[in-house]
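Residue indices begin at 1 and follow the sequence shown. Keep in mind that the numbers below use all heavy atoms, side chains included, and drop hydrogens, waters and symmetry copies.
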Amino acid sequence: MHGTAVAGQDDRDEMGICLEPPQFVTGVARVPAGTGADSRTVVFEQYERHTAWDQPGGLARRSGAGDLDIVIYSARKWASLALAGNPTVLLALFVPDHEVVYRNDTGSELVANAHRFVSRLAADRFLGYLRAQRRAMTGEGPAHTNRPELVAVHGYDTKFAMHALRLGIQGSELLTSGRITLPIPEPHRTYLRAIRRGEIPLTEVIDAIDTAEQQLVKLQSASSLPDEPDRDWVNEWLHRSYVAFWKRCTRLSRG
């Protein structure tokens, strides 16, 4: 989707948004906490499926080339993250149609109102994600967070480096235009792919990330985006969408 994947090195990530049946919202129904044999249950917020977990190493195995990672958020959970400016979940609003696996009318209405989720709150979130990726890039974050095989070859984790700069580029575009272009436009895309392949020296990469970070800091106060997203519209959309879905569920169960 970003246009920065490197053949033979990347997994596939898919994100979904769902409306839960009423018993999971207005009732006390719960879901299994995970794939283990214990009987713990939790309130449903999201579902995750990683094919890497099926391989030796199980849950500790990191996704790699050819693996599929799926996360499906409750619409309520997704909306709360998007309203706060979460960089990952906001991307769902800007995915090109040809990259969409499935979208119904409710999803189409959501995408058509992407601007209602966008505000200057996103600046802080993009900065937080950028800084976390930058720390992980050189192993400054928690132990074992980077990819030793990349560090051994290039001297730094090129995937974390690419994502750190990507976040700076996309965050600046969002705070300037209110949208994120996917795939990432040129010349940024080619440069990010070069970083991903380890072709850019670490010192130059750090300078580029620092420049992107400084731009985001400026846009925190200079952006023309609203200070807050349109929470009233989002609340109304959630309520209306859930009620309509539950009515359809009722008709199906009776029919």
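Using a 4.5 Å heavy-atom threshold, the side chains of Trp246 and Val25 count as touching. Ile72 places none of its side-chain heavy atoms less than 4.5 Å from the side chain of Ile17. The closest side-chain heavy-atom distance from His2 to Leu182 is below 4.5 Å. Put simply, the side chain of Leu165 does not reach to within 4.5 Å of the side chain of Val205, judged on heavy atoms. With contacts defined as side-chain heavy-atom distances shorter than 4.5 Å, the pair Ile70/Met15 does not qualify. In this structure, Phe44 and Ser74 have side chains that are in contact, with non-hydrogen atoms separated by less than 4.5 Å. The shortest distance between side-chain heavy atoms of Val118 and Pro229 does not fall below 4.5 Å. At a threshold of 4.5 Å between non-hydrogen side-chain atoms, the residues Arg197 and Thr158 do not count as touching.
The heavy-atom pair separating Arg193 from Gly3 by the smallest distance is CD-O, 3.4 Å. Nearest heavy atom pair, residue Met137 against residue Ala161, reads SD-CB, 3.3 Å. Of all heavy-atom pairs spanning Ser172 and Gln215, the tightest one is OG-CG, 3.3 Å. Nearest heavy-atom pair, Gly168 versus Ala212, reported as atom, atom and distance to 0.1 Å: CA-CB, 3.9 Å. Across all their heavy atoms, Val101 and Arg12 have their closest contact at CG2-NH2, 4.1 Å. Closest heavy-atom contact between Phe245 and Leu19: CE2-O, 3.1 Å.
Val89 and Trp233 fall within the same hydrophobic cluster, defined by Ile, Leu, Val, Met, Phe, Trp and Tyr side-chain heavy atoms under 4.5 Å apart, directly or through other members. Placement of Val217 and Ile209 within a single hydrophobic cluster is found when ILVMFWY residues are connected by side-chain heavy-atom separations under 4.5 Å, directly or transitively. Val111 is not connected to Leu83 by any chain of hydrophobic side-chain contacts under 4.5 Å among Ile, Leu, Val, Met, Phe, Trp and Tyr, and they are in different clusters. Under a hydrophobic clustering in which Ile, Leu, Val, Met, Phe, Trp and Tyr are joined whenever their side-chain heavy atoms come within less than 4.5 Å, directly or via other members, Val71 and Val100 fall into the same cluster. The hydrophobic cluster containing Val28 does not contain Phe24, counting ILVMFWY residues as joined when their side-chain heavy atoms lie under 4.5 angstrom apart, directly or transitively.
Among pairs with a residue in residues 90-99, those fulfilling salt bridge (Lys or Arg N to Asp or Glu O under 4.0 Å) read Asp97-Arg103, at least two apart in sequence or across chains. Screening residues 81-118 for ring-ring contact (aromatic ring centres under 6.0 Å, His included) gives Trp78-Phe117 as the qualifying pairs, with residues at least two apart or on separate chains.
For the side-chain contact (heavy atoms from CB on, under 4.5 Å) criterion with Met1, the lone passing option out of Ile184, Asp13, Leu91 is Leu91.
Donor-acceptor pairing under 3.5 Å is recorded for the side chains of Thr181 and Glu173. Side-chain contact annotation: His188 with Glu186, donor-acceptor N/O pair under 3.5 Å absent. Using a 3.5 Å distance cut-off with no hydrogens or angles, the side chains of His154 and Glu199 do not pair a donor with an acceptor.
Between the side chain of Arg196 and the main chain of Ala5, no donor-acceptor pair closer than 3.5 Å is present. Side-chain atoms of Ser223 come within 3.5 Å of backbone atoms of Leu175 as a donor-acceptor pair (strictly under, hydrogens ignored). Between the side chain of Asn113 and the backbone N or O of Glu109 there is at least one donor-acceptor pair closer than 3.5 Å. Within the 3.5 Å criterion, the main-chain N or O of Leu238 finds no donor-acceptor partner in the side chain of Ser241.
With rounding to the nearest 0.5 Å, the separation of CZ in Arg125 from CG in Leu167 is 13.5 Å. Taken from CZ in Arg134 to CD1 in Ile206, the straight-line distance is 5.0 Å, to the nearest 0.5 Å. Distance check: Leu150 CG to Asp157 CG gives 5.0 Å after rounding to the nearest 0.5 Å. For the atom pair OH of Tyr73 and OG of Ser80, the computed distance is 10.0 Å after rounding to the nearest 0.5 Å. Atoms NZ and CD, on Lys77 and Gln46 in that order, are 4.0 Å from each other to the nearest 0.5 Å. Note that the OH atom of Tyr156 and the CD1 atom of Ile195 stand 6.0 Å from one another [nearest 0.5 Å].
With respect to the salt-bridge test (charged N to carboxylate O, under 4.0 angstrom), the residues Glu236 and Arg231 do not qualify. At a threshold of 4.0 Å, the pair Arg76-Glu20 counts as salt-bridged, since one of the basic side-chain nitrogens sits closer than that to a carboxylate oxygen. With salt bridges taken as basic N to acidic carboxylate O contacts below 4.0 Å, one links Arg131 and Glu213. Using a 4.0 Å cut-off between a side-chain N of Lys or Arg and a carboxylate O of Asp or Glu, Arg49 and Asp69 do not qualify as a salt bridge.
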Please step through side chain to side chain contact (heavy atoms under 4.5 Å, CB included) for the pair Val31 and Thr41, ending with a clear verdict. CA-CA 5 Å; Val31 294; Thr41 60; over 6 Å; no
Start with the C-alpha gap between Thr4 and Met162, add the side-chain angles, then the distance that decides, and say whether side chain to side chain contact (heavy atoms under 4.5 Å, CB included) holds. CA-CA 8 Å; Thr4 58; Met162 183 273 289; 3.6 Å; yes
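Counting heavy-atom neighbours within 6.0 Å of Asn104 CG, excluding the residue itself, gives a total above 12.
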